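Naming convention: chains lettered A, B, ... in sequence-line order (proteins, then strands); numbering from 1 in each chain. The model shown is predicted, which means the values in this text are computed figures rather than measured ones.
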Amino acid sequence: MEDLTTVGKRIPKWYAKELVTGTAVYATDARMPGMLCAKILRSAYPHARVLNVNTSKAERLQGVKAVATARDVPYNLMGLCAFDRPIMASERVRYIGDAIAGVAATDEDIAEEALSLIEVDYDPLPAVFDPVAAMEPGAPIIHDDKNNYRHALFLEPFRDKGRNNISCLYRIVHGDVEKAFGEADYIFEDTYKTGHEEHCTIEPHGGIAYVDASGKVTIWASIANPSRFGPQFAASIGLKMSKLRILQTHTGGHFGCKAMPTIEPILALLAMKSRKPVKGVHTREEEFIASSVRHPFISRVRLGVKKNGTWVSLHIHNVVDIGPYNVFGGEVAAWGCITGNGPYAIQNALLESCAVYTNNLLCGAYRGFGNPQVAFARESLIDHAAKEMGMDPIEFRLKNAWIEGSVTPTGQHLERGKYGVGIRETLTKARDACQWNVGTDKSKRRGKGVASMVHGSGAACWVTADSSSCFIKVNDDGTVHLITGTVDVGQGSDTVLAQIVAEEMGVDLDDITIMSKDSDAIPHDLGTVASRVTYFGGNAARIACKKMKEYLFMVAGDLLEANPDDLFIKQGKIYVKGVPNKSMPLGDVVRTSLIILGQHPIESGTFNVRGALLDKNGQGKPLSAYLFATTVAEVEVDTNTGHVEVQKVYSAHAVGKAINPMYVEGQIEGAVVNGQGYALMEDMMVREGRPQAHNLADYKIPTAMDMPDIEPLIVEDHEPSGPFGAKGVGEPGMVAVAPAIANAIYDAVGIRLKELPMTPEKILQALREKESR
Amino acid sequence: MKLAVTLKINGESYELLVEPKKTLLDVLREDLGLTGTKKGCDQGDCGACTVLLHGKPVNSCLVLAVEAAGQEITTVEGLAQGDRLHPLQESFIRHGAMQCGYCTPGMLLSAKALLDKNPHPSRREVKEAIAGNLCRCTGYVKIIDAILEVPK
């Protein structure tokens, strides 16, 4: 066990003071002289042809400096899974948030008035809002060109090329499920539904775009991936990447919604047209109707079990409503398969996701990325099976959980010594912490429920190669710069990376500066997504540090007349092993390198995962690090009002190594409350493609009065390929919460809800139905 | 047509010309460059814009700037005294009570209003005091711990 000085310590954020004094500047705080205000005109219909857009009256309004429409976009398509999404709608609108025009004016009132002067001729088309109906022959076709769009490579084996709304049928085929169902002693089956969920970042999307005299565009925006943000739309708006600079500062919340373009390309176009800085910020309503939300799933789950409790067969079929544009839809559909099996050694599994276009809301990445949806279904059915068979839900899971040496449904062998497989430990730790075997007071309608999950760090299974790069440079006084593509959106990754660098380089935490938020300067990193930041960014930093030490020891070896292999750094000084009086400050070595040798100590590090694409049967190695969690929820149900009080949540997470336990807890705690909202409260009530709840009064997210007592439990199942054994925790915190609550409700009052959110109305309805049986 | 109004913010007086319909939030952020107070919804639902008027927490997006004339306004920028942080700010840092930090200014002011009136609140009283401040990152746990453990 290494003797660590910084890694593993609860260290406050290095920029904490900026946050508490209100001096941290967010993109939506940005102000520039001469700045214009941008407003966006959005579609009046969920599905319509756009026959004409007349902006002449708006352009003539005093104070309006630029109006942009699809006519101003050189190549009006962008996307990730499919290149199917226009920057601004030209001949078709496919959801009510589709942008049709952008206006930049001297103030907000004039911009709003200008919007009302834009005349749009629509020819409304039949729309489809039910993904199952959208799959039927004869359903209105949302993308006539579906089969001609460029698609992401990972989707090619799974694409549906028919004339319909089906983007793909992703599948993982492991063993022979039908044969196994034939041999099972019990078969359990049910269907579960989850709805749209809004991220509700407290800072909305927005920012400021400006153009310099050379035509270079800078966009300072509230985003989560400066390295990969611009490339998503640069060519679409006619810019080479050398002419587009993306800046991030502090981002007020992300959870997945700030990795894809929303208002930003339009701000750039308006800035290019007006030659003035243009600021635009989504209203809270626009966050609901125009920005991305979570993909709804309809999941049919079938589980085959032997009398002795062994699970022999699992079939999951997800219908994924990917909304009007396939930005992340294919990836989420795939992830619903890859994680759908859960952390369980089931010999036969068929995991399928059908990704379907609808005219509902734009969907995107949201913490968990398909896993919370499918886990709700699977963990609810497992609980049902346990109750039916009279088995304890935790023992039931322990009996079937992965161990080192297990094989995943994609055929990946979790070889001993190569992976941290902490699922069993999360089950036992949660069981012991919550005193699982102590019953709850049924007279008070109290219940306990458990759920487990598997997730992964990284996205190589769809981007083809997932990598993170950084540079380390050491200054003349021995202080260190880390220039990294890995970004902090508040989760604390800057400090975590600094802790890794401090530990590896033997310098004080205070002597490290991180530079990460300027696309002109930073190297590639996929972004703060996929629970990958500590694992990828941390590994890249470690690699760069090791190369740096090699170089510095070579120089210092000469100066100290010692073998470079005998050198080490401690508290900013290079020492010789076994010769305590021989040492040299790091700065002296750097100065020698610079002045005598003419070499600046600067090294790069890249951590790279390749070869993760799955074949047409979903076979391959999608991940190099697996994340595990078990969540136990204790609830009390008010049978008069249907209100569910979540009293306590225990959530055990296998994170490899907690580089900063305070932040790991922060992720678990925040995700539990987010999961509570998803489970019980958050209902956008989307009808005919429009959310009936489109503000924070009607769309209820948990307040301090709603939150449960939370006990985060950290399991350090050392991940050999991770930096100091660490992997990720950003998303897993959310995944098992809703099913744990659903299972606790069943334990409390004997009703099983199969649709999220489990609102008081639905609880009362289910109680009435149970009574009448 | 603009009205002349004097606003007393964090102990300093500012003479301004503002439109009657402009909110205190917009005047703070746009006219005075005090962007520490945040705009999350502009509808009084999220609490990110919380400031204190005579020590009482209000959503500044629901207060017209002209209404606030003659009142003592405290924003997050007024908590620290030079380099010396307010005990609440120090406690927040120590407990890791900020993640993205966007709700933090509002939280600090709601907490200050509570502690100025009730220096030894119960956990429930703390939750009630910040019930109008939405946070999506932290789950509130460390925020509540930080408020409860401010040294008296």
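Against chain B, the residues from residues 14-29 of chain A that qualify, each with a non-hydrogen atom under 4.5 angstrom away, are A/Tyr15, A/Ala16, A/Lys17, A/Leu19, A/Val20, A/Thr21, A/Gly22, A/Ala24, A/Tyr26, A/Thr28, A/Asp29 in number order. Listed by sequence position, B/Val76, B/Glu77, B/Asp83 are the residues of residues 66-84 of chain B in contact with chain A, using a 4.5 angstrom heavy-atom cutoff. Residue-level contacts of residues 673-681 of chain A with chain B, in order of numbering, are A/Val673, A/Asn674; threshold 4.5 Å between heavy atoms.
Here B/Gln99 contributes atom CD and A/Asp488 contributes atom CG; the two are 9.5 Å apart, rounded to the nearest 0.5 Å. To the nearest 0.5 Å, atoms CZ (A/Arg284) and NZ (B/Lys39) are separated by 12.0 Å. Rounding to the nearest 0.5 angstrom, the gap separating the CD1 atom in A/Ile202 from the SG atom in B/Cys46 is 6.0 Å. Summarising the geometry, atom CG belonging to B/Asp45 is positioned 8.0 Å from atom CG belonging to A/Asp698; distances are rounded to the nearest 0.5 Å. Here the OH-CD distance, from B/Tyr102 to A/Glu203, works out to 5.0 Å after rounding to the nearest 0.5 Å. Atoms NE2 and CZ, from B/His95 and A/Arg10 in turn, are 9.0 Å apart once rounded to the nearest 0.5 Å.
B/Gln43 is not listed as a side-chain neighbour of A/Leu696, based on a closest heavy-atom distance of 4.5 Å or more.
Between A/Lys279 and B/Glu30 there is no salt bridge, since none of the side-chain N atoms of the basic residue sits less than 4.0 Å from a carboxylate O of the acidic one. Using a 4.0 Å cut-off between charged nitrogen and carboxylate oxygen, B/Lys21 and A/Asp109 count as a salt-bridge pair.
Neither the backbone nor the side chain of A/His254 has a heavy atom closer than 4.5 Å to any heavy atom of chain B. With a threshold of 4.5 angstrom between heavy atoms, B/Ile143 does not approach chain A through any atom at all. The contact between B/Ala48 and chain A is made entirely by side chain atoms (from C-beta outward), counting heavy-atom distances below 4.5 Å. B/Leu85 touches chain A through its side chain: at least one heavy atom from C-beta onward sits under 4.5 Å away, while N, CA, C and O do not. For A/Tyr663, no part lies near chain B; criterion is any non-hydrogen pair under 4.5 Å. Of the two parts of A/Pro708, neither the backbone nor the side chain holds a non-hydrogen atom closer than 4.5 Å to a non-hydrogen atom of chain B. Both the backbone and the side chain of B/Leu134 have a heavy atom closer than 4.5 Å to some heavy atom of chain A.
With chain A as partner, the option from B/Gly101, B/Gly139, B/Pro105, B/Cys100 having the largest number of non-hydrogen pairs under 4.5 angstrom is B/Cys100. Note on A/Gln491, A/Arg31, A/His282: by heavy-atom pairs under 4.5 Å with chain B, the leading option is A/Arg31. Contact count against chain B (heavy-atom pairs under 4.5 Å) is highest for A/Cys200 among A/Pro204, A/Gly253, A/Cys200, A/Ala671. Contact count against chain A (heavy-atom pairs under 4.5 Å) is highest for B/Arg136 among B/Lys38, B/Arg136, B/Met98, B/Lys127. Ranked by heavy-atom pairs shorter than 4.5 Å toward chain B, the options A/Val489, A/Ile701, A/Ile710 are led by A/Ile701. Ranked by heavy-atom pairs shorter than 4.5 Å toward chain A, the options B/Thr138, B/Asn133, B/Thr104 are led by B/Thr138.
Every residue was checked against the salt bridge (charged side-chain N to carboxylate O under 4.0 Å, His left out) condition with B/Glu19, not counting sequence neighbours, and none meets it.
Nearest heavy-atom pair, A/Gly666 versus B/Lys142, reported as atom, atom and distance to 0.1 Å: N-CE, 4.1 Å. B/Cys137 and A/Phe255 get closest at one heavy-atom pair: SG-CZ, 3.7 Å.
A distance-only check finds a donor-acceptor pair linking the side chain of B/Tyr140 to the backbone of A/Pro702 [under 3.5 Å].
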